[in-house]
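Below: the structure, in structure tokens.
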Amino acid sequence: MRTLLAALAVTATALPAVFPAVSASALPATPPAVFPAVSAANAGAPALSADELPSAAPAAETPALFDDGAGGNANGDDPAIWVNPRKSGRSLIIATAKEGGLYVHDLGGKRLQHIAAPAAPGKDDEPGRFNNVDLVYGFRLGDRRVDLAVVSDRGRDQLRFYAIDPAGLTLTDVTDPAVPYVFNRTQRQVNEEETAYGLATWQDGGRAYALVSRRHQTRLGLARLTARNGRVAYRLTRTLDLPARFELPDGGTWRPCGEPGERPQIEGMVVDGGRDVLYAAQEDVGIWRLPADLTGRPVLMDKVKEYGRQDTYDPKTDECVPGEERGHGGEHLAADAEGLTIWYGKGGGYLLASSQGDSTFAVYTREGSNRFLGSFRVGPGKGIDGTEHSDGAMVVDRPLGRYAHGLLVVHDGRNTPADGDRENTNFKLVPWENVPLPR
């Protein structure tokens with residue numbers, strides 16, 4: 001097994017000013033125009049090309065999802081691994097499929113349940129579109145405690161909740177029918193699609209929260225989960241805007257390319273439950289580290305390679321044309337920076353990040369300044385194809401049935417074999433011992 005290259009640890013420089021907490025009832029119309037330069041936590045660390053990296057082989061995969069009418073417009077995105085407290089071998093993989101809803105699988109990848117996304121409330125309105133999923137354990141719901149799958153519905157700008165039955169291995173919708181929009185106030189605004197997007201849960205002192213990002217914006221929201229009449233509701237308690245524009249070392253400023261009116265959005269997020277720290281992947285910028293309660297000083301711990309490159313939006317192709325490389329970018333993440341997950345095992349633990357642009361995964365220490373350790377790919381094995389353009393990922397650090405050392409599940413954005421031109425996605429199940437990390 002090849003050993004990943006280690007890198008120099010460089011202390012991150014935080015933003016010089018604290019981002020203030022903002023109440024949901026008094027949100028600013030736009031974030032400040034320019035933010036100062038931010039030093040990455042791992043600037044200058046050496047990196048291998050994607051083809052040179054060690055590879056982790058999957059042991060199983062979930063069924064293919066097809067993003068067309070025949071496939072129910074199912075487009076895989078984000079997985080969660082629910083650990084069964086009664087028998088770990090009967091744990092579940094719960095995965096979002098956007099307009100296709102939610103899919104539940106066993107540890108062999110077999111599909112057990114499908115939950116449809118909500119229908120559009122009106123003829124011209126957006127239907128439900130499940131983007132990200134995370135878990136809450138032991139939530140008090142009336143006179144019982146339940147484990148919840150929490151889902152961001154980007155089509156309806158809501159959070160949805162599903163109670164997990166450890167005996168029957170089924171999910172039941174327990175969403176309060178009166179839950180509000182997360183970021184918008186009217187259905188017309190929701191239809192503009194600046195809605196709930198990325199998601200991470202956080203449990204603190206008996207309270208449960210969801211941290212939610214807003215599509216096409218830099219906004220993060222902290223929502224407290226509450227029980228009401230046997231159902232689960234929430235209330236947005238605080239928001240924070242990450243930078244949209246940056247000062248560069250050469251004295252210039254940089255704003256990531258996007259459609260007019262769009263700011264560099266955040267999707268992949270994870271909370272380090274032992275430290276109450278949120279990691280948030282701003283897709284075209286890098287990975288931020290900040291307090292989970294959205295107070296304090298955000299730190300840009302690593303940058304994407306494209307950081308500082310001034311691309312130009314082409315309205316004819318609806319794409320950004322790459323500009324000149326100016327040497328301000330990082331070494332380890334190719335935009336988009338995507339799914340984040342934490343291994344809590346021995347040796348201090350790891351933070352894993354999906355580098356979607358080159359179909360690799362970057363690995364950082366969980367402690368200190370999150371020193372970069374190296375990268376790997378999820379390659380083919382046992383007749384299963386590798387992973388390309390991965391969005392979400394989740395890892396657990398305990399035995400789960402056949403996975404004696406833990407399990408990593410990753411989204412595959414280009415599943416094979418292909419079926420003509422149909423967009424084909426699924427999820428790969430990788431035994432933790434197959435991941436080439438320093439032990």
**OP:** Dump the intermediate steps for side-chain contact (heavy atoms from CB on, under 4.5 Å) on Lys428 and Val409, then the final yes or no.
**Re:** CA-CA 6 Å; Lys428 277 16 184 209; Val409 177; over 6 Å; no
**OP:** Could you walk me through whether Glu194 and Asn184 pass side-chain hydrogen bond (donor to acceptor under 3.5 Å, both in side chains), step by step?
**Re:** CA-CA 8 Å; Glu194 292 183 357; Asn184 293 281; over 6 Å; no
Original post:
Hey, does Asp412 have a side-chain heavy atom less than 4.5 Å from the side chain of Asp385?
Top reply: yes
Original post:
After noting the C-alpha distance and the side-chain angles of Gln113 and Thr170, does the key distance pass the side-chain hydrogen bond (donor to acceptor under 3.5 Å, both in side chains) rule?
Top reply: CA-CA 7 Å; Gln113 185 182 8; Thr170 55; 5.1 Å; no
**OP:** State whether the side chain of Ser55 and the backbone N or O of Gly379 hold a donor-acceptor pair below 3.5 Å, judged by distance alone.
**Re:** yes
**OP:** Before giving the answer on salt bridge (charged side-chain N to carboxylate O under 4.0 Å, His left out), spell out for Arg215 and Glu193 the whole-Å C-alpha distance, their side-chain angles and the decisive distance to 0.1 Å.
**Re:** CA-CA 7 Å; Arg215 186 170 184 256; Glu193 300 186 40; 3.1 Å; yes
Original post:
Is the backbone N or O of Gly258 less than 3.5 Å from a side-chain atom of Glu262, with the two atoms forming a donor-acceptor pair by type?
Top reply: no
Original post:
Any chance CZ of Arg231 has more than 12 other-residue heavy atoms, nucleotides or ligands included, within less than 6.0 Å?
Top reply: yes
Original post:
How are the rings of Phe372 and His332 set to each other: parallel, tilted or perpendicular (split at 30° and 60°)?
Top reply: parallel
**OP:** Mind listing the closest non-hydrogen atom pair of Phe183 and Asp157 along with its distance?
**Re:** N-OD2, 3.0 Å
**OP:** Apply the test salt bridge (charged side-chain N to carboxylate O under 4.0 Å, His left out) to residues Arg275 and Glu367: give CA-CA distance (whole Å), side-chain angles for both, the deciding distance (0.1 Å), then the verdict.
**Re:** CA-CA 10 Å; Arg275 293 178 169 83; Glu367 298 176 326; 3.5 Å; yes
**OP:** Just do the side-chain hydrogen bond (donor to acceptor under 3.5 Å, both in side chains) check on Tyr313 and Asp318 with the steps written out, would you?
**Re:** CA-CA 7 Å; Tyr313 176 69; Asp318 196 28; 2.6 Å; yes
**OP:** Kindly give the heavy-atom pair with the smallest separation between Tyr350 and Arg366, and that separation in Å.
**Re:** N-CB, 3.8 Å
Original post:
If you measure from the Lys or Arg side-chain nitrogens to the Asp or Glu carboxylate oxygens, is any gap between Asp153 and Arg129 under 4.0 Å?
Top reply: no
Original post:
Got a donor-acceptor contact below 3.5 angstrom from the Thr360 side chain to the Arg377 backbone?
Top reply: no
Original post:
Got Leu408 and Phe361 here, is their nearest side-chain heavy-atom distance under 4.5 Å?
Top reply: no
**OP:** Mind listing the closest non-hydrogen atom pair of Leu242 and Pro298 along with its distance?
**Re:** CD2-CB, 4.1 Å
Original post:
Do Tyr307 and Phe246 have ring centroids that are under 6.0 Å from one another?
Top reply: yes
**OP:** State plainly whether the residues Lys123 and Asp125 are in salt-bridge range, i.e. N to O under 4.0 Å.
**Re:** no
Original post:
Pick from Asp134, Asp276, Asp293: which one makes a side-chain hydrogen bond (donor to acceptor under 3.5 Å, both in side chains) with Trp202?
Top reply: Asp276
Original post:
Would one find more than 12 heavy atoms of other residues, nucleotides or ligands at under 6.0 Å from atom CZ of Arg207?
Top reply: yes
Original post:
If you measure from the Lys or Arg side-chain nitrogens to the Asp or Glu carboxylate oxygens, is any gap between Arg156 and Glu126 under 4.0 Å?
Top reply: no
Original post:
Can Lys346 and Asp397 be counted as an ion pair, charged N to O under 4.0 angstrom?
Top reply: no
Original post:
Sub-3.5 Å donor-acceptor pair from the side chain of Ser152 to the main-chain atoms of Ala196, do we have one?
Top reply: no
Subject >> Donor-acceptor under 3.5 Å (Thr201 side chain, Ala210 main chain) >> reply: no
**OP:** Answer yes or no: is there a side-chain heavy-atom contact under 4.5 Å between Pro63 and His105?
**Re:** yes
Original post:
Would Gln203 and Tyr209 count as having a side-chain donor-acceptor pair, cut-off 3.5 Å?
Top reply: no
Original post:
Quick one: is the NZ or CZ of Arg422 closer than 6.0 Å to the six-membered ring centre of Phe66, and within 45° of its axis?
Top reply: yes
